[in-house]
Protein chains: 2
Amino acid sequence: MMDRSCPGTVEPILEILDGKWTLLLLFELFNGNRRFGELRRKLHLISPKTLTDRLRLLEEKGIVTRTLYPGVPLHVEYDLTECGKGLQPIFEAMWTWTQEHGAYLRKETNEMGQEAETVM
Amino acid sequence: MMDRSCPGTVEPILEILDGKWTLLLLFELFNGNRRFGELRRKLHLISPKTLTDRLRLLEEKGIVTRTLYPGVPLHVEYDLTECGKGLQPIFEAMWTWTQEHGAYLRKETNEMGQEAETVM
DNA sequence: CTGTATCCCGTCCGATACTG
DNA sequence: CAGTATCGGACGGGATACAG
């Protein structure tokens, strides 16, 4: 066990992970999608404004970098910084948890206590 | 590496962790504060309504349980379910990350690249 | 292709007062 | 002590059109 009794010690990361799309966006970056259009297509319900907002915020926090490749068709890539890559264990933990517990709480707010088998 | 290419596989947990106070609230539950008033005092800027909202939601998701101890001064305790306790690795990972990277990005969106030493 | 500008809307959250 | 009721406000986010 660690000393995590002070809520203030975790607030920085809460700011980073805050936002409706942030987690999914980071997942995409871990998966290798780095161009604006790619990310936009993957998060297919996100608006360009929102995507830009999130990207800029993560940039400010030092989680991602933005690289512009000049050219006729504009080309921009977003990459995780070392700091951003360090978030991976968190996502791995989320992934693991979802594998173990995520399935049976899909929509079972009612009274069914049985575990489901349809994960995907 | 794992196959986490499908964004849908992580959405359940995003729903759980969503909300301004949810992460801090869960941190408190890991720390052992379980009574309504305790939680309220720890998250000292939260309104009773919001706290109730979050608690109820986590209850629905199967993350916490609510136990009522009848008596003259009402006594209620919230506990993590097994499912909820399973979230701990995620929080440990967040804690670890904050230790390693959290310090120097407190408010350094500007141009200072020095690492800080005041963590707490 | 990669954004920005605007406007609007919904949701979450806060404050306060009140109840069992 | 542990909430509920109600209302209002702020902020994040969506849609769309336009720009470099």
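Every chain is numbered from 1, with letters handed out A, B, ... down the list of sequences.
Judged as a side-chain contact (heavy atoms from CB on, under 4.5 Å), and not counting sequence neighbours, the contacts of A/Leu51 are A/Leu25, A/Phe36, A/Leu39, A/Arg40, A/Ile46, A/Leu55. Taking A/Lys20 as the reference, nothing meets the side-chain contact (heavy atoms from CB on, under 4.5 Å) condition, with sequence neighbours excluded. In this structure A/Glu59 satisfies the side chain to side chain donor-acceptor pair (under 3.5 Å) test with no other residue, sequence neighbours excluded. Applying the side chain to side chain donor-acceptor pair (under 3.5 Å) rule to B/Asp18 yields no partners; only residues at least two apart in sequence or on another chain are considered. Taking B/Asp79 as the reference, B/Arg34, B/Thr65, B/Glu77 meet the side-chain contact (heavy atoms from CB on, under 4.5 Å) condition, with sequence neighbours excluded. The salt bridge (Lys or Arg N to Asp or Glu O under 4.0 Å) check on B/Arg66 picks up nothing, with sequence neighbours excluded. For A/Arg56, there are no side chain to side chain donor-acceptor pair (under 3.5 Å) partners two or more places apart in sequence or in a different chain. Every residue was checked against the side chain to side chain donor-acceptor pair (under 3.5 Å) condition with A/Thr52, not counting sequence neighbours, and none meets it.
Here B/Leu80 contributes atom CG and B/Gln88 contributes atom CD; the two are 8.5 Å apart, rounded to the nearest 0.5 Å.
End-to-end axis angle of the helix from C/dC1-D/dG20 to C/dG20-D/dC1, using five pairs per end and rounding to 10°, comes to 50°.
In summary, contact between chain A and DNA chain D, defined as any nucleotide atom under 4.0 Å from a heavy atom of the protein, begins and ends at D/dG13 to D/dG20 in the 5' to 3' direction.
For B/Leu23 and C/dC13, the CG to P distance is 12 Å, given to the nearest whole Å. In this structure, A/Lys20 atom NZ and C/dG10 atom P are separated by 13 Å, rounded to whole Å.
When the side-chain nitrogen and oxygen atoms of B/Ser47 are compared with OP1 and OP2 of C/dC13, none of them lie within a distance under 4.0 Å.
The list of ring-ring contact (aromatic ring centres under 6.0 Å, His included) pairs with a residue in residues 37-71 of chain A, not counting sequence neighbours, reads A/Tyr69-A/His75.
Among the protein residues, B/Gly71 comes within range of no part of the nucleic acid, since none of its heavy atoms lies under 4.0 Å from any strand.
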For nucleotides 2-9 of chain C, list the nitrogen or oxygen atoms of the protein found under 3.5 Å from its nitrogen or oxygen atoms, one pair per line.
unit_1	atom_1	unit_2	atom_2	d
C/dT2	OP1	A/Arg35	NE	3.1
C/dT2	OP1	A/Arg35	NH2	3.1
C/dT2	OP2	A/Gly37	N	3.0
C/dG3	OP1	A/Arg66	NE	3.0
C/dG3	OP1	A/Arg66	NH2	2.3
C/dG3	OP2	A/Tyr78	OH	2.7
C/dT4	OP1	A/Arg56	NH2	3.2

